[in-house]
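Below you'll find the structure, written out as structure tokens, and then a few comments.
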Amino acid sequence: MTPVRGLTVLPSGRPGRGRLYVNLPDGQAVAWYDRQANRISLLAEQHREAVLAALRPYLTGAWTVGPPPVPTRAELRRLTLPPDEDLAPNRPGETLLGELAHGSAGTRTRHRLRQELMAQQRTGELLDTLEADGWRVLHCIPLRALGRLDHLLIGPGGIFCIRSVPGRRQRAVVRDLLLGVGRADPRPDPRWIRRAASAATRALGAPATPSLALVDASRVEVAPTVRDIRVLEPETALSLIHT
């Protein structure tokens, strides 16, 4: 671990062959250096000089620096369970739409599904507007042994794995392991989205940021110990992702 101007350089993979990740003090990755390709993938342009200073002892030959490459179709496909499934047509909440249309769930369960569908649709609509700025958005992605990821956002600012949570116009509290909304039983969303982001990181070969989108919460509170999860609200989601 090598701290330089508040940044740390952490190795990953085989010694001398894997990538070097440059992280902020809170653990968020801002760049990585692929030693085989001799390329620095920069996630945050405002940290360019500090990133280069942190990596300078490790750079060799004629290296290049730029935004991370967009994952290929093959890399994206490794996220899925069925290898021939085309993710592009999936709408936000695709699975929930099917459950509501053809399922036989009771009234309370259908009400909960409708709330979750609304949250995914609202988040998805906001994320779709980013495609004009060079982002790629996929919805309702099957992950091995984890179920389905609501949204995967890939673009100039990095990769974001996003789970949408209905706030139901109540106070939402995000803690290390659980998320509470109003008086309802706490949900394990923080743990789940971390596992989903780890799976995406392994599949895509690039760090994916775990993110929770709180939709229609009256107030959102985040415990100070929650530093690795990006918490988004519809009013601020787009500006936060641009940071």
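Counting heavy atoms from C-beta outward, L179 and V181 have side chains that approach closer than 4.5 Å. Looking at L117 and L97, their side chains come closer than 4.5 Å, going by heavy atoms from C-beta outward. Counting only heavy atoms from C-beta outward, the side chains of Y33 and L59 approach each other to under 4.5 Å. Annotation: side chain of I229 is in contact with side chain of P210 (closest heavy-atom distance under 4.5 Å). Inter-residue side-chain proximity for T123 and D150 is flagged as unmet; no heavy-atom pair is nearer than 4.5 Å. Using a 4.5 Å cut-off on side-chain heavy atoms (C-beta onward), L178 and R187 make no contact. Annotation: side chain of L232 is not in contact with side chain of L214 (no heavy-atom distance under 4.5 Å). Side-chain atoms of D189 and I193, non-hydrogen and from C-beta on, never get closer than 4.5 Å to each other.
For the atom pair CG of D216 and CD of Q115, the computed distance is 10.0 Å after rounding to the nearest 0.5 Å. Going from atom CZ of R112 over to atom CG of L96 covers 8.5 Å, rounded to the nearest 0.5 Å. Note: Q46 CD to R48 CZ = 11.5 Å, rounded to the nearest 0.5 Å. Interatomic distance, OG1 of T8 versus OH of Y21, reported as 13.0 Å (0.5 Å rounding). For the atom pair R171 CZ and S218 OG, the distance stands at 8.5 Å (nearest 0.5 Å). Between the CD atom of Q120 and the CZ atom of R91 there is a distance of 12.0 Å, given to the nearest 0.5 Å.
Annotation: side chain to side chain contact (heavy atoms under 4.5 Å, CB included) contacts of R56 (sequence neighbours excluded): L52, A53. Not counting sequence neighbours, the partners of R219 by the side-chain hydrogen bond (donor to acceptor under 3.5 Å, both in side chains) test are E221. Taking R169 as the reference, nothing meets the side chain to side chain contact (heavy atoms under 4.5 Å, CB included) condition, with sequence neighbours excluded. Taking the side-chain hydrogen bond (donor to acceptor under 3.5 Å, both in side chains) definition, one finds that T225 meets it with D176, sequence neighbours left out. Listed by chain and residue number, nothing satisfies the side-chain hydrogen bond (donor to acceptor under 3.5 Å, both in side chains) test with R168 (two or more places apart in sequence, or in another chain).
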Solution key, residues 151-161 side-chain donor-acceptor pairs under 3.5 Å, sequence neighbours excluded:
from: H151; atom 1: ND1; to: H139; atom 2: ND1; distance (Å): 2.9
from: H151; atom 1: NE2; to: S164; atom 2: OG; distance (Å): 2.9

Practice prompt. Test V215 against V165 for side chain to side chain contact (heavy atoms under 4.5 Å, CB included), laying out the working first.
Written response: CA-CA 6 Å; V215 179; V165 180; over 6 Å; no
Practice prompt. For side chain to side chain contact (heavy atoms under 4.5 Å, CB included), just list the numbers for I40 and T64, CA-CA rounded to whole Å, side-chain angles, deciding distance to a tenth of an Å, and then say yes or no.
Written response: CA-CA 6 Å; I40 300 170; T64 59; over 6 Å; no
Worksheet entry | Steps toward side chain to side chain contact (heavy atoms under 4.5 Å, CB included) verdict (L55, V9) | CA-CA 7 Å; L55 288 174; V9 178; 4.2 Å; yes
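With hydrogens and angles left out, the side-chain atoms of T95 and R148 include a donor and acceptor closer than 3.5 Å.
Between V226 and V222 the shortest heavy-atom distance is CB-CG1, 3.8 Å. The minimum heavy-atom distance linking N38 with G61 is given by the pair ND2-C, 3.9 Å. Between A208 and T201, the shortest heavy-atom distance links the atoms N-OG1, 2.9 Å.
Under a hydrophobic-cluster definition in which Ile, Leu, Val, Met, Phe, Trp and Tyr are linked whenever side-chain heavy atoms come within less than 4.5 Å, directly or via other members, I141 and L146 are assigned to the same cluster. By the criterion of side-chain heavy atoms lying less than 4.5 angstrom apart, applied directly or through intervening Ile, Leu, Val, Met, Phe, Trp or Tyr residues, V51 is grouped together with Y58 in one hydrophobic cluster. By the rule that hydrophobic residues join a cluster once side-chain heavy atoms approach within less than 4.5 Å of another member, V231 and V173 end up as members of separate clusters.
The environment of R191 atom CZ is dense: over 12 non-hydrogen atoms of other residues, nucleotides or ligands sit within 6.0 angstrom.
In this structure, E125 does not pair ionically with R122, as no charged nitrogen and carboxylate oxygen lie closer than 4.0 Å. One finds no salt bridge joining D34 and R39 here, because no Lys/Arg side-chain nitrogen approaches an Asp/Glu carboxylate oxygen to under 4.0 Å.
Listed for the S211 side chain is a donor-acceptor partner under 3.5 Å among the backbone atoms of T209.
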